[in-house]
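Here is the structure we will look at, set down as structure tokens.
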Amino acid sequence: MDLFEALHLDELSHGLANLSMFPYFDMAHYIVSVMALREQPGALQLSRVSPLACWFSSMLFCFGGAVLSAIMLAEPAVAPLSNSTSVLLASIIWYLVFYCPMDLVYCSAALLPLRLVLSGMKEVTRTWKVLGGVTQAHGKYKDSLLVMIAIGWAKGAGGGLISNFEQLVRGVWKPETNELLKMSYPTKITLIGAVLFALQHTHYLPLQKHHLMLVYTVFTVVNKSRMMLTGSSTSPFAVIESAVYKTLFAGCSPYAALTDEVDKPCIDNSTANTSTSTAAKNKDSSENGAAGKHTPVSPGKGQSESLKAKDESEETETTSCKKTD
Amino acid sequence: MDLFEALHLDELSHGLANLSMFPYFDMAHYIVSVMALREQPGALQLSRVSPLACWFSSMLFCFGGAVLSAIMLAEPAVAPLSNSTSVLLASIIWYLVFYCPMDLVYCSAALLPLRLVLSGMKEVTRTWKVLGGVTQAHGKYKDSLLVMIAIGWAKGAGGGLISNFEQLVRGVWKPETNELLKMSYPTKITLIGAVLFALQHTHYLPLQKHHLMLVYTVFTVVNKSRMMLTGSSTSPFAVIESAVYKTLFAGCSPYAALTDEVDKPCIDNSTANTSTSTAAKNKDSSENGAAGKHTPVSPGKGQSESLKAKDESEETETTSCKKTD
Amino acid sequence: MDLFEALHLDELSHGLANLSMFPYFDMAHYIVSVMALREQPGALQLSRVSPLACWFSSMLFCFGGAVLSAIMLAEPAVAPLSNSTSVLLASIIWYLVFYCPMDLVYCSAALLPLRLVLSGMKEVTRTWKVLGGVTQAHGKYKDSLLVMIAIGWAKGAGGGLISNFEQLVRGVWKPETNELLKMSYPTKITLIGAVLFALQHTHYLPLQKHHLMLVYTVFTVVNKSRMMLTGSSTSPFAVIESAVYKTLFAGCSPYAALTDEVDKPCIDNSTANTSTSTAAKNKDSSENGAAGKHTPVSPGKGQSESLKAKDESEETETTSCKKTD
């Protein structure tokens with residue numbers, strides 16, 4: 001790849017590819033994940049009611065991807081537990097984030113500069129996890145692109161994909177929300193990463209692995225930092241998504257007559273799909289007498305809040321810290 | 001088997017046993033399955049809100065049996081994804097059924113004669129799936145009749161058995177309904193098939209495999225066609241079921257005094273169990289002060305509607321087509 | 001171990017370790033488990049509505065531990081079905097407990113002396129199951145204490161840990177309750193057993209296996225009998241739990257100001273955690289404007305009833321028998 005050589009990035013990408021995730025990057029991942037759990041509504045109360053359920057939930061946030069991909073590949077779901085060092089590290093972080101005297105750890109980590117660094121480091125671990133999943137799937141299913149994508153995605157975004165069951169551990173059940181119905185930014189970026197790494201593995205993408213790792217890592221870190229600094233939740237793919245959606249899924253359908261309603265300007269581009277669907281749904285509801293029975297699919301207020309928290313908390317206000325200080 | 005030879009059916013049964021399911025029968029299975037999903041309440045709206053959740057749900061309708069039996073046998077749940085051709089075929093059909101311009105594909109396939117043929121072909125695939133499950137289980141657990149029945153049943157009726165979790169993908173959660181609580185016709189016929197093929201495999205049933213395949217296939221196809229043509233949902237086993245139920249499960253029990261109430265003529269024989277149970281339940285409720293707290297187990301209106309749709313839509317009215325034409 | 005020799009218990013512990021669980025102890029386990037299911041609200045009605053769902057639910061009560069540990073270790077979840085003799089035995093017991101003429105079996109087994117013996121025998125099977133789980137995990141993950149504890153716990157208390165999904169089979173869904181949120185006594189004692197056996201296996205606990213088996217079995221049987229005879233549900237660990245909880249999880253936290261509220265005397269020591277949490281929660285609710293949206297984590301009346309029934313029915317009143325006699 002001449003461009004990489006020209007920019008003297010070859011050495012950098014090699015250096016990055018040889019970076020060890022343990023212990024610093026893993027720690028950052030655990031801290032950001034446990035803080036994301038703590039910022040879920042009801043999680044703090046749970047930590048007082050049932051430390052065990054809280055610990056188990058934290059482990060699902062930290063190792064959800066490993067558990068999900070293990071189940072999908074029929075490998076032992078307890079395997080992550082066998083890595084005692086990681087579990088111990090994650091458990092210590094869980095304890096400090098939830099129960100530290102004076103709430104020091106959470107309040108420090110929630111400060112914008114530190115949170116920015118930690119979130120950036122967590123994004124780096126995403127590359128390694130997605131790549132790990134794709135490589136693992138490649139070992140079992142040589143030429144199946146779909147399996148590679150599925151396992152890479154599961155490994156990188158497992159915590160989000162199993163969130164319904166993670167919530168169940170905490171006694172919360174929100175069947176109307178899941179990451180397939182309305183993907184959050186981390187889930188989207190992980191899916192894109194899984195597709196890219198799977199294409200690279202099957203040589204459809206003419207890039208070297210360490211170059212792709214560099215490009216993908218830089219993109220995720222920069223984008224995450226931008227989102228945290230600007231407080232924006234605008235997905236960088238909103239335009240592409242919207243275009244794909246309009247071309248493929250909103251075409252000459254029974255709902256074609258609705259497209260003029262849909263074309264109204266979207267204030268939040270990332271929710272283009274939702275607004276389309278809501279319009280379609282309202283129309284359909286009025287046509288369909290039995291509509292009253294449907295469980296509403298459209299995300300309510302609760303969902304968007306939950307997803308926001310899941311989205312590793314772009315909002316950097318440390319509300320609970322203010323209370324205690 | 002002299003009867004088969006006398007009727008010159010030996011050759012026919014050999015021919016049937018050598019029939020390849022790919023691509024035509026598999027296609028019919030995918031079309032009927034995706035149409036069954038489309039006819040679920042809320043599915044059409046979902047297809048506009050979240051094409052990804054809709055696609056995943058369709059795949060569970062098409063490959064649910066493979067996924068469920070894989071999980072039960074601790075084989076990779078992603079295995080169906082590794083068969084790229086099948087997934088591609090099912091995905092194209094999903095796209096055409098949900099998003100085809102002018103809704104041409106759905107409206108054509110929903111016409112009674114075509115739907116009759118497709119449903120018949122889908123019933124043929126059931127034989128192959130049940131037999132595949134029984135054979136697979138036989139390979140792992142030589143002499144366990146129960147495992148063979150369970151895997152054969154799971155493979156043939158997987159979409160129905162995992163319907164709670166398939167619905168969860170679509171944001172719908174109906175815990176009060178499942179196929180074990182109230183079996184639909186396809187689940188019942190698959191269970192019977194699994195029992196028969198398991199008995200044949202262990203030589204308790206003195207029939208050759210290809211003869212049993214012929215008999216079972218003809219029975220399912222004829223019965224399905226009859227049900228679609230007459231619009232009847234009367235199960236052919238209603239009488240046997242009712243007799244077995246009365247003998248084994250409604251006998252000299254604390255509820256024996258209720259049997260006279262139960263003996264009232266059942267208009268819909270297939271719901272004999274339900275009417276029995278409702279009577280028993282009402283009686284019990286009045287005896288039991290705490291009954292008000294029970295989650296109602298008896299199937300409500302929502303369930304029967306849902307099951308009807310699941311039952312691959314005996315109703316051949318193409319309601320949504322009328323709207324758009 | 002000199003103490004064991006001095007008390008001539010060495011021979012006794014060897015005898016116990018060589019005891020076969022099949023058939024008598026297994027039968028006692030099945031009877032007590034199926035009776036625990038029957039005493040769940042709504043179970044008796046279910047047995048009339050859907051014998052199949054009732055049977056499947058019973059099997060999950062009887063073999064839940066085996067199913068859960070199989071899933072966690074990526075072994076076939078259908079494996080328990082392959083042991084035809086056990087399944088047949090459990091099925092016969094299920095039939096007799098639910099459908100026996102005159103309800104003879106249930107009413108006899110529910111008499112206090114017989115129930116006491118059966119529950120004691122069931123506690124003995126717990127030792128074997130926990131040990132079996134720990135040994136199985138040790139075979140796969142040589143030196144992972146956590147995996148051994150997890151599998152031992154899952155195998156010994158599986159029925160409780162999967163209770164959400166067992167209830168789903170019966171059409172009941174109580175997401176706000178699970179054994180991690182509020183552990184019942186059997187789940188706690190099993191966890192302690194799993195920890196002890198895992199420590200013994202890794203030689204951290206300087207005890208011989210058969211000695212530990214004797215000590216643990218005697219403790220569980222005696223404690224269970226005491227609880228049944230006194231009708232008390234006071235956990236023998238309440239004091240330790242409370243001390244650990246106060247030291248680790250209620251310390252200098254954002255809620256530290258609440259500890260004086262929490263220190264009020266607890267009438268039921270076993271619910272110390274709950275009362276603490278409720279206080280913390282109320283405080284938090286008043287501080288937090290968004291609290292109204294939280295799904296209540298604190299166990300409601302429904303949960304405590306359900307857990308009581310799950311707890312293999314300490315209450316020995318045979319309410320339903322009175323009705324029918």
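Sequence lines set the chain letters: A, B, ... in the order given, protein chains first and strands last, and positions in each chain run from 1.
In this structure, OG1 on C:T247 lies 13.5 Å from OH on A:Y99, to the nearest 0.5 angstrom. Distance check: A:W173 CH2 to C:N164 CG gives 9.0 Å after rounding to the nearest 0.5 Å. To the nearest 0.5 angstrom, C:N178 atom CG is 9.5 Å from A:F56 atom CZ. Distance CG/C:L181 to SG/A:C54: 10.5 Å, rounded to 0.5 Å.
Counting only heavy atoms from C-beta outward, the side chains of C:F249 and A:Y95 approach each other to under 4.5 Å.
When heavy atoms are compared at a cutoff of 4.5 Å, C:I151 approaches chain A solely by way of its side chain, counted from C-beta outward. Only the side chain of A:V87 comes within less than 4.5 Å of a heavy atom of chain C; its backbone N, CA, C and O stay farther away. With a threshold of 4.5 angstrom between heavy atoms, A:A79 approaches chain C through its backbone and through its side chain.
Among residues 127-139 of chain C, no residue has any heavy atom closer than 4.5 Å to a heavy atom of chain A.
The minimum heavy-atom distance between A:S82 and C:S144, with the atom names listed, is CA-OG, 3.3 Å. When all heavy atoms of C:K140 and A:P76 are compared, the closest pair comes out as NZ-CG, 4.4 Å. Here the closest heavy-atom approach between residue C:A74 and residue A:A74 is recorded as CB-O, 3.4 Å.
In terms of heavy-atom pairs under 4.5 Å with chain A, the best-connected choice from C:L73, C:L145, C:D143 is C:L73.
For C:Y141 (side chain) and A:V78 (main-chain N/O), no donor-acceptor pair under 3.5 Å exists by modelled atom type. Side-chain N or O atoms of C:Y245 include none that pairs as donor or acceptor with a backbone N or O of A:S50 at under 3.5 Å.
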Just do the side-chain contact (heavy atoms from CB on, under 4.5 Å) check on C:M183 and A:L52 with the steps written out, would you? CA-CA 9 Å; C:M183 274 202 258; A:L52 183 72; 3.5 Å; yes
